Amino acid sequence: MADIRAFRDAVSGWANGDPGGSASELAVRLRVRTAVLLEGPSDLAAVEALAARRGRDLAAEGVCVVPMGGAMSVGRYAGLLGPPGLGLRLVGLCDEGEQRFYDRGLKRARVPHRGFFVCVTDLEDELIRALGTARVEEIVRAEGDLRAWQTFLRQPAQHGRPRQQQLRRFLGTKKGRKIRYGRLLVEALDPEQVPTPLDDLLTSL
């Protein structure tokens, strides 16, 4: 039976030059009504973790969370999934430094900005600030990454940098680490600690 992952894969293929018929058929069969555009898979892990914590089944609600592989792809995905393409409602998260790509891409696809929420640096930074660096270091230790973290801190480039920046950089130093911690940091949040952009996104769905 087709599921939302099949639709996500079909959309990714379509964005990379494959025919769009499969994505269109799956959108109808799965009753997809909303696509959440995110920059990458770590954002996907965080959004899905928060949805699960809140008892939400996004797929059953007709919501597909789509990692685009970078902010510069937003125009392409908005065109395929928004008014010029499948006509889905589009929402998402945007890093502050990448907002210009969203502004251009959404305008070109005639997509309203009101469903897109801006993270000050990126979602990892929002999560680290929400939890506090001491709590994030506890999670790093509990996950068995203490030795890697200590080795990272000894690198000359990290000397004198704020702890929050060090942690954010550490999460991106090994393939798959950002994805794993995207989920873990969300699961560690108290309800009142959820960063505003992430909370607003889930509330909008």
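Everything quoted here is computed from the prediction, not taken from an experiment.
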Exercise. Is any side-chain N of the basic residue among Asp199 and Arg54 closer than 4.0 Å to the acidic one's carboxylate O?
Worked result: yes
Problem set entry | Minimum-distance pair of heavy atoms, taken over all atoms of Ala35 and Val66 | CB-CG2, 4.5 Å
Exercise. Going by an N to O cut-off under 4.0 Å, is there a salt bridge joining Arg56 and Glu61?
Worked result: yes
Exercise. Between Arg177 and Phe170, is any pair of side-chain heavy atoms under 4.5 Å apart?
Worked result: yes
Exercise. Any Lys/Arg nitrogen of Arg183 or Glu187 sitting under 4.0 Å from an Asp/Glu carboxylate oxygen of the other?
Worked result: yes
Problem set entry | Check ion pair Asp122-Arg168 (N to O, under 4.0 angstrom) | yes
For this session: Go through the side-chain N and O atoms of Arg163 and Gln166 and say whether any donor and acceptor fall under 3.5 Å apart.
Result: yes
Problem set entry | Side-chain heavy-atom pair Phe152, Gln158 within 4.5 angstrom cut-off | yes
Exercise. Distance-only, no hydrogens or angles: does the Asp95 side chain make a donor-acceptor pair with backbone N or O of Gly97 under 3.5 Å?
Worked result: no
Exercise. Do you know which two heavy atoms are closest between Ile139 and Leu131, and how far apart they sit?
Worked result: CD1-CD1, 4.2 Å
Exercise. So which of Leu189, Leu184, Leu167 actually passes side chain to side chain contact (heavy atoms under 4.5 Å, CB included) with Leu127?
Worked result: Leu189
Seminar exercise, completed: The reported gap from OG1 in Thr121 to CD1 in Ile128 (rounded to nearest 0.5 angstrom) is 9.5 Å
Exercise. Taking 4.0 angstrom as the limit, do Arg135 and Glu138 come out as a salt bridge?
Worked result: yes
Problem set entry | Presence of salt bridge, Arg169 and Asp125, under 4.0 angstrom | no
Exercise. Quick one: do Arg180 and Glu143 make a salt bridge, cutoff under 4.0 Å?
Worked result: yes
